A.B. asks: 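Got a structure here, written out as structure tokens. Questions coming.
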Amino acid sequence: MKKNIQYNVGQWLPSDQEFYNKWLKKVLKEAESEENQKLLPPVQALKNLIESDRYLYNITQMMFDEIPEKYVDTPMGTPQVRNYRQMLLMLNRIIQRAPEFNTTGLVGTPINAILDYPMATKAGYVFFMNPKINEKLRDILNYWGKYLQTPASTYVLNTSKNGWLSDYALNEMSKVADGDNFTTIFKCKSNDREKHLGFTSWDNFFTRLFNPGIRPVQDPNDPDSIANACESAPFRIARDLPMKAKFWIKGQPYSLMDLLHNDPWTSKFEGGTLYQAFLSALSYHRWNSPVSGTIVKAYNLPGSYYSESLYQGFANERGADPVAANDSQAFLTATATRAVIFIKADNPKIGLMCFVAVGMSEVSSDEITVRVGQHVNKGDQLGMFHFGGSTHVLLFRPETQVEFNLHDQEPGLGSSNIKVREEIARVK
């Protein structure tokens, strides 16, 4: 019988610290064995930026120096990432490989795991919020994303203990989807695991579709019923939203101007309602329209990739916080890369609403698949995340009176997935 492993919320980093330490040590050893290999172009570009800018060079040094001594040499004797050169080598190693499944723990976002300690420092907050740094990180993630869309990345779609098509892995993904059989739940082009179930790349597997009839729209003809946009767990509900707030303070209130990046329509949502929910690394990662209506505006916003709230991690003297990305979700709505889609609902009681997909860490490829002027029915696809866990937001104007149905649970990090297309709210 396999050991039952507990994960942190979102399943991005395993709560099994021993596994995390061993995994990090393994990656560092592999990266250092490749030290004489040439850095890939986007990683070399980040190195050049750090070493050519005295300010960024000092900040980079500081974020490693600020890691408390007790975390530099762990009780297991496991070295953490000690300097930016090791960081670059590990990034170089990661983006040439596809993520593996592991039966004793899952590092759902391996780059986030590498950066977890420096992210938690005050200097790390400055480093990962810097636009020049984020431009280089974007290029690194884009390079990796292109690799994950190639047939070469299917090598992890196998039946070994680290393969995503092992009995254990398929069972875990089926359980998250509240089903018994992966091929019954998800659309596959083949039932042959040796042929990767017909998936043509890692990304093709990750963005898999449900089989027809698996996630029907609840009350499709009821315009007052609002459907869940993602297979996600409720994180927070906020009402009477302010235009501007100090989103970096500990309470992390939502700031509309920052969330929508000063969009001319921002004021329409002042005093309105926000619903936020998060996706796990094993969940279905496509977005679906919560209402029937017309797409009136859709665009992507640049932002940070590995920033977290200053009140997480070392900054609050709690030590490195392995769920800081989860605890920082409200903060990330104003700082991370995101996709913004405004929908004019057919139901005048809802009217204009907004869906925001928030990229977290590796999950910053927010792909919009609808166009302005297109009419969508409730439950139709809006777009998708590529790789990892994520969070998303629904915005309603103050005149839209929304009553939420969270399926007998309270919003927060301990909540569970509500199926996509199931009702999550009703308009009064």
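Predicted model, so just to flag it, every value in this text is computed and none were measured.
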A.B. asks: Compute the ring centroids of Phe269 and Phe396, then answer whether they are less than 6.0 Å apart.
C.D. replies: no
A.B. asks: Aromatic contact between His392 and Phe355, with the criterion being ring centroids under 6.0 Å apart: yes or no?
C.D. replies: yes
A.B. asks: For the residue pair Tyr299 and Phe342, categorise the inter-ring angle as parallel (less than 30°), tilted (30 to 60°) or perpendicular (more than 60°).
C.D. replies: tilted
A.B. asks: Under 3.5 Å, is there a donor-acceptor pair linking the side chains of Ser201 and Gln149?
C.D. replies: no
A.B. asks: Can a donor-acceptor pair be found between the side chains of Asp65 and Gln61 at a distance below 3.5 Å?
C.D. replies: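 Distance-only check fails for Asp65 and Gln61.
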A.B. asks: Using the side-chain contact (heavy atoms from CB on, under 4.5 Å) definition, which of the options Leu141, Val43, Leu49, Ile50 pairs with Lys136?
C.D. replies: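 Passing option: Leu49.
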A.B. asks: Any idea how Phe404 and Tyr275 line up, ring-wise: parallel (<30°), tilted (30 to 60°), or perpendicular (>60°)?
C.D. replies: parallel
A.B. asks: Examine the side chains of Gln276 and Thr391 and answer whether a donor and an acceptor come within less than 3.5 Å of each other.
C.D. replies: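 The answer is yes; a qualifying pair exists.
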A.B. asks: Taking the six-membered ring for Trp, are Phe206 and His285 parallel (under 30°), tilted (30 to 60°) or perpendicular (over 60°)?
C.D. replies: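 Tilted: the ring planes of Phe206 and His285 meet at 30° to 60°.
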A.B. asks: Examine the side chains of Tyr84 and Glu51 and answer whether a donor and an acceptor come within less than 3.5 Å of each other.
C.D. replies: yes
A.B. asks: Between Tyr147 and Trp144 (judged by ring centroids, cut-off 6.0 Å), do the two rings come close enough to count as a pair?
C.D. replies: no
A.B. asks: side-chain contact (heavy atoms from CB on, under 4.5 Å) with Asn211: which residues, sequence neighbours excluded?
C.D. replies: Lys187, Ile214
A.B. asks: Assess whether salt bridge (charged side-chain N to carboxylate O under 4.0 Å, His left out) is satisfied between Arg338 and Asp366, documenting all intermediate values.
C.D. replies: CA-CA 6 Å; Arg338 48 208 185 274; Asp366 304 331; over 6 Å; no
A.B. asks: Are side-chain N/O atoms of Ser160 and Asn162 paired as donor and acceptor at under 3.5 Å?
C.D. replies: no
A.B. asks: Do Ser283 side-chain atoms and Leu279 backbone N/O form a donor-acceptor pair below 3.5 Å?
C.D. replies: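 No: the side chain of Ser283 does not pair with the backbone of Leu279.
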A.B. asks: How close do Phe128 and Met119 get, heavy atom to heavy atom, and via which atoms?
C.D. replies: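 Here Phe128 and Met119 meet closest at CE1-CG, 3.7 Å.
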A.B. asks: Please tell me whether Asn181 and Thr183 have a donor and an acceptor in their side chains that are separated by less than 3.5 angstrom.
C.D. replies: yes
A.B. asks: Answer yes or no: is there a donor N or O on one side and an acceptor on the other, between the side chain of Glu66 and the main chain of Ala123, under 3.5 Å?
C.D. replies: yes
A.B. asks: Any side-chain donor paired with an acceptor under 3.5 Å for Gln381 and Arg286?
C.D. replies: yes
A.B. asks: Answer yes or no: is there an ion pair linking Arg421 with Asp380, defined by an N-O contact shorter than 4.0 Å?
C.D. replies: no
A.B. asks: Under a 4.0 Å N-O cut-off, is there an ion pair linking Glu172 with Lys175?
C.D. replies: yes
